[in-house]
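Right, one structure below, let's go through it.
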Amino acid sequence: MTEEKTNEQTGESPEEARRRKLEQISALGHDPWGHRFDDRALIGDIRARDGEVKYVLEDGTEVDLPSEAELETVSLKEWAAEKGKGKLNGPQVRAAGRIVLHRDKGKLQFIDIEDWTGKIQLFVGQKQVGEENWELIQCLDLGDLIGVDGMLRRTQTGELSIFADKIHFLTKTLDPPPAKHVGLTDPEVRQRKRYIDLAWNEGVRDRFLDRSRIVKSVRDTLQGQGFVEIEGPTLHSIAGGAAARPFNTHHNALDMELYMRIALELHLKRLMVGGMERVFEVGRVYRNEGISPKHNPEFSMLEVYQAYGDYELMMDLTEAVISDAIKSIGASETLPWGDKEINFATPFERKTYDELFQIHTGVDPHDAAAVKAYASELGFDVEGRHPDVIKSDVFEEKVEDALVGPIFVTDYPASICPLTKRKSDNPDVAERFELFVHGMEVANAYTELNDPDLQQKLFETQLEGMSEEDSMAKMDNDFVTALRNGMPPAGGLGIGIDRLVMLLTNSQSIREIILFPLLRAESSS
RNA sequence: GGGAUCGUAGCUCAGUCGGUAGAGCAACGGACUUUUAAUCCGUAGGUCCAGGGUUCGAGCCCCUGCGAUCCCA
């Protein structure tokens, strides 16, 4: 403690070193926080210009360079020696990006920079950039943002590189990056500090860019079929349209209890009454329930309604939306899913609820007593509960997890579908399907119920053994009134955007595809 | 809500039986004008998640709390 520190480098923390260099950058007359930097090309586009790099012989003849594959076997140096005396020439380029790797060879440095289209190596020599710029280059740290002007060429080993004429300083990074090539692994920190995860962990940024492409593709597919996107309210006075516990909130001026929406359904249907014949909304819904690898309290839903349609049409639409989304991220119909695969070739398999029930349980779905006995064996509480609720419990337990899919499960028991039209030849069966893939419910669709009297009755009917918050049957008089004004027969479809993105990007956790998933508040201690 | 596992340097991780706190990367000083996770020499860096307990002695054992991950409900 009393020992005197004789060496000025003693005890300097990474941050102190960076702050020292920040001061130095200012002292050299540069703004350590940078400024507008025009005319830079994206690194991906610069890399695509590799064909413009030529070997120019002394007589002025330009020779194409060997391909990347050939350079695996022959060094560029040997290749050039064979061609005769000459020099490499390429286009003048300007790039900007984050320093992700740094190899210091004294009077020569190799700096890898990255933007959101790719990485490229900078060849930076003291003699080439000049003394003044070289001093600035001594102040660079991993993570800093820089710009570069230089010629696109290849090094002796064949690596496509920008041979720097000048380095521009664009922004200092005070925190050191995570371990190179290992990155940030702690899942908590990855989510709390998503910026580090995005900047440094392989594939994270691409996954979120894919998410954006998928959402865009969904919109394009629907708009291409004449659907119109709308924005419904997120604050609802009745949390209807789905069976879920809502978040409660309050409007002060109106002194009114409100709920964050749990579904988009009922307002989109009101629009159908108003003559919006093909509408959809992609939006956030909020469900005050548990958090799991498949559940985040806020998530994104697509709901689509098509006048004069039905659930069969919604199956075709689901296939189109998913097929187009796969194309939009440049993927193929067969996608990896962990150590398994998913084959999204259309048409997807279709089987009825009862068929699947029979197959996976061996119990006759029409024999209520047998189903009840089977459920009892599985440990379900069966007394005083509606037969269809019992059947639904068994279905979720024994069938859903077993479904590999993609498979459309069709024709659900009507009593658990209060917003769905019944089959004209069988009022006990609802024209509904759900799409399952590897046990995950991805889509849910109905031929929409448009009979106001039946809708009112179903809202009034609580199924035995179902708590109010687990039930979709919540009276919404305003919605029933809307139906009295004539909603066309229609097909309606809901797709869980997050789950679709999970499946298409091989992400087993929803937290990998939601930028900022809900986390417990950090303790202040 | 229940169970299991985890929390150690900026990052990734070791830490034996309870006995002086360790490595790699990053950082700092030095050498190097064609490197590829560059290499080589040297230096520094710790609230072992928090609080309590047991003990001569706790990163390690016990309790409580906080946070995380997975499984189950």
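Proteins come first, then strands; the chains are lettered A, B, ... in the order of their sequence lines, and each starts at number 1.
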Expected output is a numbered-order residue list: members of [range] with a heavy atom under 4.0 Å from any atom of RNA chain B. What is it?
range: residues 64-79 of chain A; value: none
range: residues 84-98 of chain A; value: none
range: residues 168-178 of chain A; value: A:P176, A:P178

Which of these nucleotides, [options], is closest to any side-chain atom of [X]?
X: A:K21; options: B:C32, B:A27, B:C71; result: B:A27
X: A:P293; options: B:U35, B:G24, B:C71; result: B:C71
X: A:L184; options: B:A37, B:C32, B:U12; result: B:U12
X: A:L101; options: B:C71, B:A37, B:U33; result: B:A37
X: A:K180; options: B:A26, B:U12, B:C71; result: B:A26

Practice item. Mind checking A:R20 for me? I need base, sugar-phosphate or nothing, with any heavy atom below 4.0 Å counting as a touch. Key: sugar-phosphate
Electrostatic pair [X]:[Y] at N-O distance under 4.0 angstrom:
X: A:R18; Y: A:D175; answer: no
X: A:D498; Y: A:K294; answer: no
X: A:R40; Y: A:D115; answer: yes

Any residue meeting ring-ring contact (aromatic ring centres under 6.0 Å, His included) with A:Y412, in chain and number order, not counting sequence neighbours
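ring-ring contact (aromatic ring centres under 6.0 Å, His included) list for A:Y412, sorted by chain: A:Y353.
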Taken in chain and number order and not counting sequence neighbours, the residues that satisfy ring-ring contact (aromatic ring centres under 6.0 Å, His included) with A:H236 are A:H267
Residue pairs meeting ring pair (Phe, Tyr, Trp, His ring centres under 6.0 Å), one or both in residues 117-144 of chain A, sequence neighbours left out, come to A:F110-A:F123, A:F123-A:F163
So, is [X] close to the [N] phosphate, meaning a side-chain N or O under 4.0 Å from OP1 or OP2?
X: A:R103; N: B:U34; value: no
X: A:Q191; N: B:U69; value: yes
X: A:T185; N: B:C13; value: yes

Whole angstroms only, please: what is the [atom1]-[atom2] distance between [X] and [N]?
X: A:R192; N: B:G7; atom1: CZ; atom2: P; result: 18 Å
X: A:H102; N: B:C25; atom1: NE2; atom2: P; result: 16 Å
X: A:D197; N: B:U12; atom1: CG; atom2: C1'; result: 15 Å
X: A:D104; N: B:A26; atom1: CG; atom2: C1'; result: 14 Å
X: A:D186; N: B:C70; atom1: CG; atom2: P; result: 12 Å

| request: Report yes if a donor N or O on one partner sits less than 3.5 Å from an acceptor N or O on the other, where the partners are the side chain of A:T155 and the base of B:U35; otherwise report no. | output: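 Yes.
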[X]: side chain to side chain donor-acceptor pair (under 3.5 Å) partners, not counting sequence neighbours:
X: A:E135; answer: none
X: A:R194; answer: A:D197
X: A:D39; answer: none
X: A:E131; answer: A:Q126

Those residues at least two apart in sequence (or on a different chain) that pass salt bridge (Lys or Arg N to Asp or Glu O under 4.0 Å) with A:R207 are A:E512
Salt bridge (charged side-chain N to carboxylate O under 4.0 Å, His left out): pairs with one or both residues in residues 98-110 of chain A, sequence neighbours excluded
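Every pair satisfying salt bridge (charged side-chain N to carboxylate O under 4.0 Å, His left out) with a residue in residues 98-110 of chain A: A:R103-A:D112.
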pair_partner(B:C60), Watson-Crick or wobble, both distances < 3.5 Å, evaluates to none
